[in-house]
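Just so you know, residue 1 is the first one in the sequence shown, and it goes up from there. Being a predicted model, the structure only gives us computed values, none of them experimental.
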Amino acid sequence: MINKDLSVDFLGVHFENPFCLSSSPVGNCYEMCARAFDAGWAGVVFKTIGPEDFQVDEVSPRFDELQKEGTPFVAFKNMEQIAEHSLAQNLADLKRLKQNYPDKVVIASIMGPTEDDWEHLAHLVEEAGADMIEMNLSCPQMTSHAMGADVGTNPELCQRYCAAVNRGSKLPMMAKMTPNITTMIPVVKACLAGGADGIASINTVKSIANVDLEKKVALPIVNGQSAVSGLSGKAVKPIALRFLQELRSAAGLEQLPVSGIGGIETWEDAAEFILLGATTLQVTTAIMQYGYRIVEDLKNGLMHYMAEQGIDHLSELIGKATKNIVPAEQLDRNYKVYPKIDWDKCIGCGRCFISCQDGAHQALGWDDENRRPVFDKSKCVGCQLCALVCPVHAITLGLVEMKPGRKGDPASVDVASQRLHTYSHPNTN
């Protein structure tokens, strides 16, 4: 059995592994969080706690999903608000969790409509024994514009709220960012100026996932109507990784502590977030599908990957891919990579031919007699669309040539390791 050190230190707090529940329905009460700890999760971001006088009145139904038949959620839409339990009950749950699980990390997510509320909540959760605070500046379905995603687009307000939390508590604190913004950098810098120690990114993406074509109402339908709300799951992972890369490559933020969130479902997803600079990882949608047990798959997969990479400590991988992502104008444009077809694998389905003809550069023709594609190198631009659509992975990256008049050694161009479909290591899920 492979045993590697998955522990990380984040904002001065030690985690036995990087995996945490994100603030959501999966960590809504003591019993749920306790089961997660027993299953092996290192930390819990308890579902967001609001002021005593803030009333949560949820709609029903409140979930929707994007799904291909027979597959897991491509994306998940929810209309949940913050914790529906009383402030006293939530604080009691935090206290009980820390008493019963002293070696686990209990993170209190808080949200309020005023600076006084933020300050008071910060004081209360510290008294309850929380190890850390996450400021929810980004919930996309709050019914108050003084709370949620609208706050997360306002640098001045974020700075004031962060300062209020710092007045109320000495706990390490991270601000949770909204992706419903062009760039996070001004907001993140404002949060840091207000006293935030790190960032959690991303919260869910404002969305309409589906529309009922007969009833002409978006889903879920609440008595004949619907609303824009947050999208999570695998579909938002590219957005989350893009924001993570933006933050960790911005001047002055290269060492920004980040808790990564957004579509983490497999150990490969986890590794991608870590390589782009996340230290801890938060999960919701995958738990809603598969339960808390997935943490074992996540941990085992990461340890196998570390063994393959010759890494003993997970912290050695944090941010290792960041430097390899550069502005588009800096990419090497001197060479072209042509596809290589393995005729023993090719099943003659014509997918590559159709995609190249109708979606690319007509470099693939079709041999009707032999039912196989015919490659015209003179038309190929090396886009590799054919390889991506091939259902049996019969097309791979092949010959590398320098463009006419360009200098360079084709043999030195690193394309052999490019992943067109899945990482070479078997998935442990």
Query raised in the report: Partners of E246 by salt bridge (charged side-chain N to carboxylate O under 4.0 Å, His left out), sequence neighbours excluded?
Result: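 By the salt bridge (charged side-chain N to carboxylate O under 4.0 Å, His left out) rule, E246 matches R242.
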Report task. Just jot down the salt bridge (charged side-chain N to carboxylate O under 4.0 Å, His left out) partners of K234, sequence neighbours excluded, or say none. Result ->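 Only D269 meet the salt bridge (charged side-chain N to carboxylate O under 4.0 Å, His left out) criterion with K234.
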Test item: [X] and [Y] side chains (from C-beta on) under 4.5 Å apart, heavy atoms:
{"X": "M177", "Y": "S138", "value": "no"}
{"X": "S24", "Y": "K47", "value": "no"}
{"X": "N334", "Y": "K403", "value": "no"}
{"X": "S259", "Y": "I199", "value": "no"}
{"X": "I107", "Y": "M174", "value": "yes"}
{"X": "V151", "Y": "C158", "value": "yes"}
{"X": "F46", "Y": "S109", "value": "no"}

**Report entry** Partner of Y30 under side chain to side chain donor-acceptor pair (under 3.5 Å), chosen from N90, D93, N100
**Finding:**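 The single option meeting the side chain to side chain donor-acceptor pair (under 3.5 Å) with Y30 is N100.
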Query raised in the report: Are the side chain of T279 and the backbone N or O of F10 linked by a donor-acceptor pair below 3.5 Å?
Result: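 No; judged by distance alone, with no hydrogens or angles, the pair does not exist.
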**Report entry** Main-chain N/O of M173 paired to D197 side chain as donor or acceptor, under 3.5 Å
**Finding:**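 Yes; judged by distance alone, with no hydrogens or angles, the pair exists.
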Requested in this report: Mind telling me whether Y161 and W118 have parallel, tilted or perpendicular rings, with 30° and 60° as the class edges?
Outcome: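 The rings of W118 and Y161 sit tilted, inter-plane angle from 30° to 60°.
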Query raised in the report: Mind checking whether F76 and F63 have parallel, tilted or perpendicular rings, split at 30° and 60°?
Result: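 Judged by the thresholds at 30° and 60°, the geometry between F76 and F63 is tilted.
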With a 4.0 Å cut-off, would you call [X] and [Y] a salt bridge?
{"X": "K95", "Y": "E127", "answer": "no"}
{"X": "E272", "Y": "K237", "answer": "yes"}
{"X": "E401", "Y": "K377", "answer": "yes"}

Would you tell me whether [X] and [Y] have side-chain atoms, one donor and one acceptor, within less than 3.5 Å of each other?
{"X": "Q289", "Y": "E65", "answer": "no"}
{"X": "S22", "Y": "T284", "answer": "yes"}
{"X": "E16", "Y": "S7", "answer": "no"}
{"X": "T48", "Y": "S23", "answer": "yes"}
{"X": "T178", "Y": "N180", "answer": "yes"}

Query raised in the report: Does NZ or CZ of R35 fall inside the cone over Y292's six-membered ring, less than 6.0 Å from its centre and within 45° of the axis?
Result: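 No, cation not above the ring by the 6.0 Å, 45° rule.
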Report task. Report the C-alpha distance between R167 and H123 in whole Å, list the side-chain angles of each, state the deciding distance to 0.1 Å, and finish with yes or no for side-chain contact (heavy atoms from CB on, under 4.5 Å). Result -> CA-CA 8 Å; R167 292 194 298 269; H123 173 70; over 6 Å; no
Query raised in the report: Yes or no on side-chain hydrogen bond (donor to acceptor under 3.5 Å, both in side chains) for Y101 and D38, after CA distance, side-chain angles and deciding distance?
Result: CA-CA 9 Å; Y101 296 90; D38 290 339; 2.9 Å; yes
**Report entry** Stepwise side-chain contact (heavy atoms from CB on, under 4.5 Å) check, L21 with V45
**Finding:** CA-CA 6 Å; L21 309 189; V45 187; 5.9 Å; no
